[in-house]
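Computed from a predicted structure; not experimentally measured.
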Amino acid sequence: MQRIGVFVCHCGSNIAATVDVKKVAEMALLEPGVVHAEDYPYMCSEAGQAKIAEAIKEKKLTGIVVCSCSPRMHEATFRKAAERAGLNPYMVEIANIREHCSWIHKDMEEATKKAVILARAAIAKVNLNAPLKPGESRVTKRALVIGGGIAGIQTALDIADAGYEVDIVEKTPSIGGRMSQLDKTFPTLDCSACILTPKMVEAAAHEKINIYTYSEVEKVTGFVGDFTVDIRKKARSVNMDKCTGCGICQEKCPSKKIPSEFNRGLGNRTAIYTPFAQAIPNVPVIDREHCIKFKTGKCGVCAKVCQAGAIEYDQQDEIVTQKYGAIVVATGFDMIKLDKYDEYAYSQSKDVITSLELERIMNAAGPTKGHLERLSDGKAPKEMVFIQCVGSRCADDRGKSYCSKICCMYTAKHAMLIRDKYPDVNVTVFYIDVRTPGKNFDEFYRRAVEQYGVNYVKGQVGKVIPQPDGKLLVQGVDLLDNKQILKEADMVVLAAAIEPEADVRRIATMLTASIDTNNFLTEAHAKLRPVESPTAGIFLSGVCQGPKDIPETVAQAGAAAVKAIGLLAKDKLMTNPCTAKSDELLCNGCSTCANVCPYGAITYEEKEVNDHGIREMRRIAVVNDALCQGCGACTVTCPSGAMDLQGFSNRQIIAEVDAICR
């Protein structure tokens, strides 16, 4: 029989305000194996840990139960305290009576009853616990960054500067991401390309950084410190080693009417193209879907004019397999589709555009060479209306419930730039709230109103109606003056919500990383581990984790890099001893467990088994403890019950259920 100690934490008033902690301790003493129980205001404090250590030594405890907050918060704390006192750390169980009890109940009697039940279940499990010893696994000194935007570039540079090899995988033909499409950045109005391009060049030139553009992550296996990743390098049909970037192939290409993705479809590109002038690498790619050569077998102009002989029509996709110790996800964002917001006439009028499309129009390298003009007739606008929160803070299922965070600031930026360059253009902004929580952000917004005379109207727009003369009639409301507004505009700009890049769910599935209902990757802890995924070895950088501006993105990129460096700096990692184990007498070699194992930890071998005096050769499941992550998938699928999880055995879980049901 175990000698168990139970320690009930008040957590200040977080638990004690709703749970009668003294009664929980008293009731715990009645459970089998419990020889000591006490409560204390802050069990995680040094004094609280000292009480645990003292009880372990004095009462010769063989296991302890701590009734406190979530094990995600302090399980490691209490395990280390027990280990210092000479107790195996895996003989410690946490009964979560805060998140699972006190925080969700208001009635003390009801909450106390539930806390007693949770404590009883944990005690039942400890009675069946056995000491476990962690193993070791090696760390591959190489990092993978998925995404080549500013977040991915900054993360890669920081890791590479620490002396570790880094691979950047970017699905488009060039690194640079969404920031490369911007004209100016708030609140300093720096040229976006001027501050991004040096970073791109530095990443390309860095001896520790290898860039895979026009590539995608195909498969991920393994675990923290030892991931194996398959990268698909899509065929560019251009030899990157031979190409000089002269651009003659693009000039001569006869297919010139393909909408440019970089210019958001506002301009055209050729079938062989580089996305933008500062693209890295400065090597074009052939769009096989639109290339005449690939569609009909004719043409071949680019190959004829290429003096370097770089065009290779027979180039095939290539799979590159590489090992990594850490993976950083920096997949970025895109604007939501506005199909469901037809009241703003986005699909009806060329003069209703999104904010990102306005960025391309105002950019000197954009479709209008930086001239502000209506896309319908090329005329300069005199009246412009900006509509905020299109798809953000949405109460229905058409848009997103969250605030996109950057829209208020970039609208103020656009309004200021327009008023500065075109003083005769009147700018009106319809808004719900102006949110400017950042350094110098509110001052920036006030400048737009006070210095540049931008007209901010608190209210929503109900409809935008294209008129026969080409103008746009905006129907809105002014909530401060409590009146309806009918305003004619030459152009309407929609501040559309942002959302994670479309591929992020596929990538999250490959990485077994958590994802929320809005497809943003979930951090391990919102406050204490904001750049770590709950999956060990996976880190988050940039907008893939949630809406943020460029300074915040760069700061998070640096934080993710530091976490990755901390992992790569270790030669070995302690492995989780709570791994699966096969009972040789029960295993029938059916392979069901191996088929569901996401880590490839289960193999089979022919082995002589002594089954009650009968010796025979059997096909037996064997678990590689270094690969097994203790997910338990094999234990629930095993038809013969041969697979069990150390530390979470079937007996232990059934004992917990029995204790709850008593």
Q.
How about CD on Q2, more than 12 heavy atoms from neighbouring residues, nucleotides or ligands closer than 6.0 Å, or not?
A.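 More than 12 heavy atoms, drawn from other residues, nucleotides or ligands, come within 6.0 Å of this atom.
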Q.
For K458, I'd like to know if atom NZ has over 12 heavy atoms of other residues, nucleotides or ligands within 6.0 Å.
A.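 For K458, atom NZ is crowded (more than 12 foreign heavy atoms under 6.0 Å).
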Judged by atom type as modelled, is there a donor-acceptor pair below 3.5 Å linking the side chain of [X] to the main-chain atoms of [Y]?
X    : Y    : answer
S649 : Q646 : no
D644 : N650 : yes
D549 : K405 : no
S404 : A497 : no
K548 : G546 : yes
D442 : P437 : no
Q652 : F648 : yes
T512 : A508 : no
H105 : D107 : no
H74  : T77  : no

Would you call [X] and [Y] a salt bridge, using N to O less than 4.0 angstrom?
X    : Y    : answer
D433 : R393 : yes
E75  : R79  : yes
K125 : E656 : no
R138 : D571 : no

Q) Stepwise, does the side chain to side chain contact (heavy atoms under 4.5 Å, CB included) test hold for M510 with V217? A) CA-CA 9 Å; M510 282 192 289; V217 173; 3.9 Å; yes
**Q.** salt bridge (Lys or Arg N to Asp or Glu O under 4.0 Å) assessment of R662 paired with E31
**A.** CA-CA 12 Å; R662 279 211 315 266; E31 294 300 312; 2.5 Å; yes
Mind checking whether [X] and [Y] have side chains closer than 4.5 Å, heavy atoms only?
X    : Y    : answer
Y90  : P577 : yes
I15  : V21  : yes
F539 : V329 : no
C597 : C634 : no
K114 : V19  : no
C389 : Y431 : no

(Q) Please list all pairs meeting side chain to side chain donor-acceptor pair (under 3.5 Å) that have one or both residues in residues 11-30, counting only residues at least two apart or in different chains. (A) N14-W103, K22-D39
**Q.** Cation-pi check, R398 onto Y341 ring (under 6.0 Å, within 45° of axis)
**A.**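 Yes, a cation-pi geometry holds between R398 and Y341.
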Q) For F333, is the NZ or CZ atom of R178 found under 6.0 angstrom from the centre of its six-membered ring and inside 45 degrees of the ring axis? A)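 Satisfied, under 6.0 Å and within 45°.
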Q: Let me see the working for L144 and V328 under side chain to side chain contact (heavy atoms under 4.5 Å, CB included), right down to the final yes or no.
A: CA-CA 6 Å; L144 170 66; V328 181; over 6 Å; no
To the nearest 0.5 Å, what is the distance between [atom1] ([X]) and [atom2] ([Y])?
X    : Y    : atom1 : atom2 : result
R98  : C69  : CZ    : SG    : 4.5 Å
I97  : L118 : CD1   : CG    : 8.0 Å
C544 : I146 : SG    : CD1   : 9.5 Å
I123 : N127 : CD1   : CG    : 8.0 Å
E552 : I406 : CD    : CD1   : 10.5 Å

Q: Report the C-alpha distance between E93 and N129 in whole Å, list the side-chain angles of each, state the deciding distance to 0.1 Å, and finish with yes or no for side chain to side chain donor-acceptor pair (under 3.5 Å).
A: CA-CA 9 Å; E93 287 297 325; N129 272 6; 3.3 Å; yes
Q: Give the C-alpha distance, both sets of side-chain angles, the deciding distance and a yes or no for side chain to side chain donor-acceptor pair (under 3.5 Å) between Q388 and T411.
A: CA-CA 8 Å; Q388 295 293 87; T411 294; 2.6 Å; yes
Q. Which of parallel (below 30°), tilted (30 to 60°) and perpendicular (above 60°) describes F186 and F444?
A.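 F186 vs F444 ring planes: tilted.
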Q: Assign the ring pair F7 / H36 to parallel, tilted or perpendicular, where the plane angle (0 to 90°) is split at 30° and 60°.
A: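 Because their plane-to-plane angle lies in the 30° to 60° range, the rings of F7 and H36 count as tilted.
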(Q) Determine whether K572 and V139 satisfy the following criterion, side chain to side chain contact (heavy atoms under 4.5 Å, CB included), listing intermediate values before the conclusion. (A) CA-CA 6 Å; K572 292 181 180 178; V139 177; 5.8 Å; no
[X]-[Y] side chain donor-acceptor pair, cut-off 3.5 Å:
X    : Y    : answer
T155 : S541 : yes
E99  : S70  : no
E523 : S533 : no
Q629 : N576 : no
D625 : T579 : yes
K323 : T228 : yes

Q | Minimum heavy-atom distance I327-F227, with the two atoms named | A |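 Reported closest heavy-atom pair: CD1-CG, 3.8 Å.
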Q: Work out which heavy atom in P41 is nearest to a heavy atom in C9; give both atom names and the distance.
A: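 Closest heavy-atom pair between P41 and C9: O-SG, 3.7 Å.
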Q. Centres of the F430 and Y456 rings: under 6.0 Å?
A.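 No, the ring of F430 stays outside the 6.0 Å limit from the ring of Y456, centre to centre.
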